[in-house]
Visitor: 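Before I ask anything, here is the structure I am working with.
Lettering of chains follows the sequences in order, A, B, ..., and the numbering in each one begins at 1.
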Amino acid sequence: MPAIEILGLEKIYKVGFWRKQTRRALHPLHLTVENGEIFGFLGPNGAGKTTTLKMLMGLVFPTAGTARILDRDWTEPEVKAQIGFLPEQPYFYDYLTAHELLDYYGQLSGVPAKDRKRRIDEVLARVGLTDVRGVQLRKFSKGMLQRAGIAQAILHDPKLVFFDEPMSGLDPLGRREVRDLMEQLKHEGKTVFFSTHILSDAEALCDRVAIIHKGELRGVGAVADLTSSVQGKVEVVWQGTQVPASMKALGAECHITGDTVRAVIADTQQDAAIDALRRERLRLIAITPLRTSLEAYFVEKLQHSQTTAGTTV
Amino acid sequence: MSARIVHIASNTFREAVRDRVLYNLIAFALLLSGAAIFIGQISIEIERLVVVNLGLTAVSLFGVVIAIFIGIGLVSKEIEKRTLYTVLSRPVRRWEFIVGKFFGLAGTLVVNTFFMAIGVFAALLYVAHKFSSSDAFILVALYFIVLEFLILCSLALLFSSFSSPLLSAVFTFALFIIGSFADDLRGFAAMTHGIARWFATAAAYLVPNFSALNVISAVAHQQSVGGQVVLQNSLYALFYSAMVLSGAVLIFERRNLK
């Protein structure tokens, strides 16, 4: 049973004073997210990521299409008791303290009173806000608000969590903590669906990703599959400060950093390179096939869509 | 009532308290105590009339201002600040949100009115030195003021569910003014003829009849208010608020929260 099945969700807005013009925010989208995976929804700003998330949350109504969440119709209110949602750049009732905010959301999510205090203490500790639990949110920094947002999303122990740009506004340490938290959620058997335009986060975290651009799905698959196209080259790394003539003869592109040399050669020259390093008595550190990065794949998909659009016009 | 409505109403009440809305009680207390001392010194046998008139009118006006200025932001502010996203992504139905907000604001106004009522009776005791049996009708006038607030809260919520705070304030305040002259409007409709009569009558009965809820002057003159009037006004206010609230729910149920 998939965690999310998006079956042709589409959104067209009516714009203009008389609402006669239309703007398509999302082309019919078909997407399946399996249980227990971290799924990255990638795309540049304005690609349609937030629109998709808002439709799944019932905040925006689709023009066409439907979806199933946790094997139920996504419009059923009971489904929402099983999901958590962190909106982009969240803003909360700033007259409440962090503890009061979570208590309120716990009440709305139907967390029983006897469990609520324990759950609040747990999630506050998990996002590092225990010390400021009694402080009003109007005194929180942007990063602290993001943490409070994550806390409210996981407070009721949901099976499925939606994060819209969860790393936004966080410093490098905060981003690392959020990444760790997402991995913990996965280990607890939860499904995490998150949108981002930061590709390094997606590459480090996701089991699978989907790329969306101008409201249209451009590609979907496992990160390993998307980045596995070998370019026919290998990177050879050894300890040293010089490049032997025998390596230069292989046509290696070399970069020296400190006492490490990195050389990129054709994979057919791999054995010859190892022999050359042995002869020179240099210490080989690594040989790695060069793969397409997620970024390269992403850029290629975006450029391809632009070229297609250009040709169509 | 759903528990979620109670939680949303409690949070709305808490927001009003934390935003220092009840501080208006200080202004009210200063106004009434100043007036009571001043009238006490004049002492021309109309102290009771002036204090009841002034006190109840102030209760009404302070409440109207609160109902309009909080009511117009109840939905639009939540959309603008995106606080609504984390509420509606939970098992909360949109109608529960609207009804919860309504009860939260109505509760704030009832508490506010309760403290102001204490002030009115204290000022009355100060100038008249004792209560009379006709003073019980002041409670009826206060009850009608609360009914007036219920209608205003629902109107402010209705406009807040589809327009900006500024426009919502203008619409609600305009309806409050027109509704305060609803009896005159009905009289005017009766004097017209033909199609104009249809339009005027429809308009006269569509606007909230606040003039029927205003018994301040009668109570100040120690006139009684019949049980039938109390029943009619109660049913009218509850029905009118429910209809307007249903309109707000219908609009909000279809609204895209972009």
Visitor: Can you tell me if B/Asn256 uses its side chain to pair, donor with acceptor, with the backbone of A/Val60 under 3.5 Å?
Guide: no
Visitor: A quick test of your reading: do over 12 heavy atoms of other residues, nucleotides or ligands sit less than 6.0 Å from OH of A/Tyr13?
Guide: yes
Visitor: With A/Tyr93, which of B/Arg18, B/Glu78, B/Arg14 fulfils side-chain contact (heavy atoms from CB on, under 4.5 Å)?
Guide: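 The side-chain contact (heavy atoms from CB on, under 4.5 Å) with A/Tyr93 is passed solely by B/Glu78 among B/Arg18, B/Glu78, B/Arg14.
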Visitor: To the nearest 0.5 angstrom, please state how far the OG1 atom of B/Thr83 sits from the CZ atom of A/Phe92.
Guide: 9.5 Å
Visitor: Determine the minimum heavy-atom distance between A/Ser109 and B/Pro91, stating which atoms define it.
Guide: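 Closest approach of A/Ser109 to B/Pro91: CA-CD, 4.0 Å.
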Visitor: Please determine whether the number of non-hydrogen atoms from other residues, nucleotides or ligands lying under 6.0 Å from atom CZ of B/Phe188 exceeds 12.
Guide: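 Not more than 12 within 6.0 Å, no.
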Visitor: Which value, rounded to the nearest 0.5 Å, describes the distance between A/Gln107 atom CD and B/Ile8 atom CD1?
Guide: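 Answer for the CD-CD1 pair, A/Gln107 versus B/Ile8, is 10.5 Å.
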Visitor: Return the minimal non-hydrogen interatomic distance between A/Leu108 and B/Arg4, and the atom names on each side.
Guide: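 The pair with the smallest heavy-atom distance is O-CD, 3.8 Å.
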Visitor: Measure A/Phe162 against the heavy atoms of chain B and call it side chain, backbone, both or neither at under 4.5 Å.
Guide: neither
Visitor: Could you tell me which portion of B/Arg94 (side chain, backbone, both or neither) has an atom closer than 4.5 angstrom to a non-hydrogen atom of chain A?
Guide: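 Only the side chain of B/Arg94 comes within 4.5 Å of chain A.
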Visitor: Hey, what do you get for CG (A/Leu56) to OG (B/Ser89), rounding to the nearest 0.5 Å?
Guide: 11.5 Å
Visitor: Would you kindly check if the NZ (Lys) or CZ (Arg) of B/Arg90 is within the cone defined by 45 degrees around the ring axis of A/Tyr105 and under 6.0 Å from the six-membered ring centre?
Guide: yes
Visitor: Could you tell me whether the side chain of A/Gln152 reaches within less than 4.5 Å of the side chain of B/Thr86, counting heavy atoms only?
Guide: yes
Visitor: Would you say that more than 12 heavy atoms from the other residues, nucleotides or ligands in this model lie under 6.0 Å from the OH of A/Tyr95, or not?
Guide: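 Buried by this count: over 12 neighbours within 6.0 Å.
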Visitor: Surrounding CD1 of B/Ile195 (heavy atoms of other residues, nucleotides or ligands, distance under 6.0 Å), is the total greater than 12?
Guide: no
Visitor: Examine whether an atom of B/Glu96 lies under 4.5 Å from a heavy atom of chain A, and if so say whether it belongs to the side chain, the backbone or both; otherwise answer neither.
Guide: neither
Visitor: For the backbone of A/Gln89 and the side chain of B/Arg82, can you confirm whether one donor and one acceptor N or O come within less than 3.5 Å of each other?
Guide: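 Pair found, side chain donor or acceptor close to backbone of A/Gln89.
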Visitor: By a 4.5 Å heavy-atom criterion (distance strictly below it), what part of A/Glu76 contacts chain B: side chain, backbone, both, or neither?
Guide: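 The answer is neither part of A/Glu76.
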Visitor: Does any heavy atom of chain A fall under 4.5 Å from the side chain of B/Glu253, the backbone, both, or neither of them?
Guide: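 Answer is backbone: N, CA, C or O of B/Glu253 sit under 4.5 Å from chain A.
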Visitor: In terms of heavy-atom contacts, does CZ of A/Arg72 have more than 12 from other residues, nucleotides or ligands at under 6.0 Å?
Guide: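 More than 12 heavy atoms, drawn from other residues, nucleotides or ligands, come within 6.0 Å of this atom.
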Visitor: Give, as side chain, backbone, both or neither, the part of A/Leu96 having an atom under 4.5 angstrom from any heavy atom of chain B.
Guide: both
Visitor: Can you confirm whether A/Lys186 is buried at NZ, in the sense that more than 12 heavy atoms of other residues, nucleotides or ligands lie under 6.0 Å from that atom?
Guide: yes
Visitor: Can you see whether B/Tyr85 engages A/Asp164 through a side-chain donor-acceptor pair at a distance of less than 3.5 angstrom?
Guide: no
Visitor: Tell me, do A/Phe61 and B/Leu257 make a side-chain contact under 4.5 Å, heavy atoms counted?
Guide: no
Visitor: When rounded to the nearest 0.5 angstrom, what distance separates CG in A/Asp103 from NE2 in B/His7?
Guide: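 So the gap between those two atoms works out to 9.0 Å.
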Visitor: Would you give the length of the straight line joining atom NZ of B/Lys81 to atom CG of A/Asp94, rounded to the nearest 0.5 angstrom?
Guide: 5.0 Å
Visitor: Count the heavy atoms of every other residue, nucleotide or ligand shown that sit under 6.0 Å from CZ of B/Phe69, and state whether that count exceeds 12.
Guide: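 Counting other residues, nucleotides and ligands, CZ of B/Phe69 stays at 12 neighbours or fewer.
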